[in-house]
Amino acid sequence: MVSTHPGGVQLSAQQYLPQASSKNINISPNQELLPLSAKVNSHDHLEIGGCDVITLVRQFGSPLYILDEETLRTTCRQYRESFQHYYKGQSQVLYASKAWSCLAVCAIAASEGLGIDVVSGGELYTALNAGVSPEKIYFHGNNKSREELVFATESGCTIVVDNWYELHTLVEIAENLERLGDGEMKGSFHPIRIMLRLTPGIECHTHEYIRTGHLDSKFGFDPNDLDELFSFVSKQSVLNCVGLHAHIGSQVFERQPHQDLAAVMVQWMGKAADYGLTVTELNVGGGLGIKYIESDDPPSIEEWVKPICEVIQTACAAENLPLPKLLCEPGRSLIATACVTAYTVGSSKVVPDIRTYLAVDGGMSDNPRPITYQSVYRTIVANRMSAPLTETVTIAGKHCESGDILIENAQLPKTQPGDVLVVMATGAYNYSMASNYNRLPRPAAVVVANGEANLILQRETYQDLIRQDCLPERLKN
Ligand SMILES: *Cc1c(COP(=O)(O)O)cnc(C)c1O
């Protein structure tokens, strides 16, 4: 069976190429399946960033994460420029680095003027080592350890306080620091810059959203506690509360939930003012969805930013409040489409009348999203881009786990061992959630631009796998 368009045109992997040049600002990368620089070259191979994907796999090995610098820079710019265009106050876009935290990705985002969101000491350490200025780093998390809070305080980043326990711990840490500052280092203490994370009571799903009076989430302060919270924080001279934060979910396609959130946050800001708290920053979180399969239809970056800015401006004018500095923190929509994963095809198994399994040299260890969230992906054979799609196969990983299926019912040309399969839109929550299950070394990653490929993550070796292992003397054979 050959897949065809309704018009009768035979489908090939070419259908996934971006439709126009990336210079066209109207292309929002989160609405594409392949990176903006994707092309088919004269060998009928997929090319990204001017690099032949088959050559990259030969050079750097398989599986391989391939990050297109142009796509990542374009998403960063579209976010930044959309805010500059639609928002009359100051704005700052942050990259939620949990989507893919490594030195190169943080450095690229920072070079585009973005700040970085971190949710652990490890992500903070990565961002600092990537050269990100601490003034542009925001530290989230619902259970930061005391060590992490001290590290964050010393680094000078802003701490997004999630709950009462953290708030009390932070006051204690700050008072200790202030006391130390009274001695030799007199005058060296500065109140710790914090924001408060609130649970807005807005839930969203891909195709609907519901409001609930009380949202069942592990994150953030209960909005019913606002009076107590603002009253407490306003009395802490060791803390400098600059803003409020909320994040409502991920892979969101509707725009209404974020507009509702923006309106609610302005109400909170007004309430903080009643307690003498001058809140100058509002962070509306991340969550804009991306296209993983043809039927996914997320708004563009610009379409997402514009109404949020409008709602905040209108609400501030109505409440007679000064415009806050507006922050948002996309993860997935910033990085996902910029990266693909290349695998090499190995064995296959035909289960008569049921399905054909095609196995690749990675799986749930480099992309745990299908087995964790039943996420769907599209894949193409990168060394035969114009071949008609004639087969329906199930792409299996190589792990000892029946559920290690990357893609069900993939439409592919006839394949053979050694073919290179490219799975699209793997930049977010793939490497960052990767594991060494079955002691598979984690893949390498390269960044590609203008025909050049540079390693950004080395492939792990077998030595790396046993580096943390200890064999006590008495257990040695
Ligand atoms: C996960 C998360 C984000 C990023 O979400 P995306 O859906 O990847 O954009 C932003 N802020 C917070 C607090 C998060 O937990």
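Order of listing sets the numbers, starting from 1, for every ligand and every atom in it.
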message: Looking at D68 and I48, would you say the former's side chain and the latter's main chain have a donor-acceptor pair under 3.5 Å?
response: no
Partner of Y79 under side chain to side chain contact (heavy atoms under 4.5 Å, CB included), chosen from T74, L288, L114, L94: L288
query: Has K291 got more than 12 heavy atoms of other residues, nucleotides or ligands less than 6.0 Å from its NZ?
result: yes
task: Would you please indicate if the ring centroids of H140 and H245 are separated by under 6.0 Å?
output: yes
- prompt: Atom OG1 of T153 and atom CD1 of I159: how far apart are they, to the nearest 0.5 Å?
  reply: 4.0 Å
message: Between N430 and Y377, do the side chains contain a donor N or O and an acceptor N or O under 3.5 Å apart?
response: yes
Under 3.5 Å: N or O atoms of ligand 1 paired with protein N or O:
from	atom 1	to	atom 2	distance (Å)
ligand 1	7 (O)	S250	OG	2.3
ligand 1	8 (O)	R332	N	2.7
ligand 1	8 (O)	Y429	OH	2.5
ligand 1	9 (O)	G287	N	2.9
ligand 1	9 (O)	G331	N	2.9
ligand 1	11 (N)	E329	OE2	2.6
ligand 1	15 (O)	K98	NZ	2.7

